[in-house]
Amino acid sequence: MAKLERSLSMLDVFCIASGAMISSGLFVLPSIAYAQAGPASIISYIFASLLIIPGLLSKAELATAMPRSGGTYFYVQRSLGPLWGIFTGMANWFSLALKSAFAIIGIIALIEVSAALFDIQLSQFQLKSAGVLCCLFFTFLNILSVKSTTRFQIFLVAGLLIILTLYITSGFNSVRISRFDNFMPQGWSSVLSTAGLVFISFGGLTQVANIAEEVRNPARNLTLGMILAWLVVSLFYFLTIIVTFGVLDGEELESSYAPIALAANTFMSTPGFVLLSIGALTAYITTANGGLLSASRSPLAMSRDKLLPALLGRVGKTQTPYVSIIITSLFMIAAITMLEIEILVKTASTLMIILFLLDNASVIIMRESKIQSYRPEFCTPLYPYLNIIAIILYCLLIIDMGLIPLLISAGFFLLSILWYFLFTRHHTKTSSAVMRIVQRVTDIQLKTSTLENELRDILIERDNIIEDRFDRLIRSCEILDIPDSPQPEKLFAQIASSMAEELKVNRTQLYEKFIQREKQSATIIEPGLAIPHIIVNGREVFCVSVIRAKQGIKFPSSDDPVKVIFALAGSADQRNFHLRALMAIAQTLQQKNFVENFLAARTTEDIRNLILLSSRKRDSN
């Protein structure tokens, strides 16, 4: 599997997330929102911003536990399984691509309005050709490199925030309170439905999780970058819309797809129109550019899991998934040339709301699965109440979006089912967290531990754990899970049998050495813990066995039953490593709640992963 370079900082995350939010949702949608709910659409924007919070927190938790490309697709695939993974991956891909296409439509509208000022009439073919050229430019930029894309994004976002600050500070004196008199002409129902419509304005916030694999220190940079982007951009949205609604008449608002630039023309004349047009153009570029960057990571992740052809997972010399970028760009071009703007917006919003719903469901499933290698560095507060309330609210929003977006979303799901059963059912063997819940409830033992092992390897990479010789021994050693309470002699016989082939030593000789060692001095280091260790004949041989005895084994030298045992055997020339192994075990046992988690582990693979993920000091030799 081709790895992507971790090159993105917290500033990069902030700018990608901010750029994805400040776009057509601010420069185009206010006119559509005003037509539906009047001045009360301000409340719709506030609702949409608040409804993002549970999704933001859930995605931050999932991304810090599983910093991999694909975002919501990756999390849902691991929590709910491949069928839901296919649907989520396709929905994630197309919703982000549609949002980016919506931004390019904003560029087209801006070109049309600007041309009209100079009495230039452009045909629909010319306007859409301009949108296609924009797509091709962003495609080239994304293929060139991730770093060049984010540097471009930082520059644009900085300029955009400066322009909006100037617009807000200059426009407040021109706001007329009387324009808010008939505040809620259509009632609360229109406010709530409009909240679903403008949800797309904030939905881009968490798309940066799609590139979590490329973020340095994702626990800090990803979480903090998304939270800061939400705070800053929500404030700018609220203030900008107040100024816009307070400056323009209702008829002007409803008839324009460039309401911010139009309002700037009112109190800043032509220079203001030009400046805000530049700001709008900047916003559209940041969203289209960042959206293409994030959207292209979904097919990359799906191809890694063999849910899509391997071709989509190809990474070029510039460390970018160029095939996925090109196909995403082609879909954006199709959306620009074929879909009507309102259907495009509602479909993208519906898909995004479904994805946020699934993010919250994934957090619940991953937590309740009790997988020990699921270790987020950021945990969603008020769990599970916040997640459950969010799921209910998202369901209400989805229902309120209208028939066509619901039918398109249902079509996505049906296509996902067909794709799964016809092409991928026999190709994917990844287990899911929901099956771990079924296992715990029904006490059915699953045959595979692929999910636990995958999460373990992700954490090893995330935490920069450089495995040493002891880790390598643990990866391959036999772990004995003894259900009853045998005598120590029977235990040592089992240990000798498990080590004999590896050490190339007679099983009886090993057994006698363990018995003799126990008679010489007790190997119990503290109540419930024992580390029997012996020297064997030969050269350059060393072996470890890990034993769990939940019922406890009664050793003559202790009144407390022994439940956790690490057995070591090595040749005389391995004495130095013998001591280092003892030290590694001691440090592992001192980890917080290690013994409790050791005894509570569902399988021997869970025990192995628990040891491998311990934060002990690794040996550099």
Kindly write out the residues that satisfy side-chain hydrogen bond (donor to acceptor under 3.5 Å, both in side chains) with [X], not counting sequence neighbours, or none if the list is empty.
| X | value |
| --- | --- |
| Ser329 | Thr139 |
| Asp481 | Arg548 |
| Ser79 | Ser362 |
| Ser615 | Gln591 |

Salt bridge check, Lys370 against Asp606: does any charged N sit closer than 4.0 Å to a carboxylate O?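 No, Asp606 and Lys370 are not salt-bridged.
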Considering non-hydrogen atoms only, spot the tightest contact between [X] and [Y] and give its length.
| X | Y | result |
| --- | --- | --- |
| Trp419 | Leu307 | NE1-O, 2.7 Å |
| Ile458 | Pro67 | CG2-CD, 3.6 Å |
| Ile365 | Ala433 | CG2-CB, 3.8 Å |
| Thr72 | Lys59 | OG1-NZ, 2.7 Å |
| Tyr374 | Glu61 | OH-OE2, 2.8 Å |
| Ser369 | Arg436 | CB-CB, 3.9 Å |

With [X], which residues qualify under ring-ring contact (aromatic ring centres under 6.0 Å, His included), at least two apart?
| X | result |
| --- | --- |
| Phe202 | Tyr237 |
| Trp230 | none |
| Phe412 | Phe94 |
| Tyr383 | none |

Is there side-chain contact between [X] and [Y], with heavy atoms separated by less than 4.5 Å?
| X | Y | answer |
| --- | --- | --- |
| Leu397 | Leu393 | no |
| Pro82 | Asp305 | no |
| Ile398 | Ile354 | yes |
| Ile364 | Ile388 | yes |
| Phe331 | Ile327 | no |
| Pro54 | Ile389 | no |

Only one of Glu452, Arg456, Gln372 passes side-chain hydrogen bond (donor to acceptor under 3.5 Å, both in side chains) with Asn609; say which it is.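 So, applying the side-chain hydrogen bond (donor to acceptor under 3.5 Å, both in side chains) to Asn609 and each of Glu452, Arg456, Gln372, only Arg456 qualifies.
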Going by the rule salt bridge (charged side-chain N to carboxylate O under 4.0 Å, His left out), which residues pair with Glu467 if we only count those two or more places apart in sequence or in a different chain?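 Per chain and number, Glu467 pairs via salt bridge (charged side-chain N to carboxylate O under 4.0 Å, His left out) with Arg475.
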Test of understanding: with salt bridge (charged side-chain N to carboxylate O under 4.0 Å, His left out), list the residues that count as partners of Asp463, not counting sequence neighbours.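 Not a single residue meets the salt bridge (charged side-chain N to carboxylate O under 4.0 Å, His left out) criterion with Asp463.
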Whether Phe598 and Phe594 hold their rings parallel, tilted or perpendicular, with breakpoints at 30° and 60°: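 Phe598 and Phe594: tilted rings.
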Within residues 343-373 or reaching into it, pairs that qualify as ring-ring contact (aromatic ring centres under 6.0 Å, His included) - sequence neighbours excluded: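 Qualifying pairs: Phe199-Phe356.
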Would you say the side-chain atoms of Tyr394 pair up with the backbone N or O of Leu51, donor to acceptor, closer than 3.5 Å?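 Between the backbone of Leu51 and the side chain of Tyr394 there is a qualifying donor-acceptor contact (under 3.5 Å).
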Phe413 ring center near Trp84 ring center (under 6.0 Å):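 For Phe413 and Trp84, the ring centres are under 6.0 Å apart.
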Qualifying salt bridge (Lys or Arg N to Asp or Glu O under 4.0 Å) pairs, either residue in residues 373-399, two or more places apart: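 Those involving residues 373-399 are Glu377-Arg462.
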How about Leu599: does its CG atom have over 12 heavy atoms from other parts shown lying under 6.0 Å from it?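 For Leu599, atom CG is crowded (more than 12 foreign heavy atoms under 6.0 Å).
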How about Phe238: does its CZ atom have over 12 heavy atoms from other parts shown lying under 6.0 Å from it?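 No - once you tally the heavy atoms of other residues, nucleotides and ligands closer than 6.0 Å, there are 12 at most.
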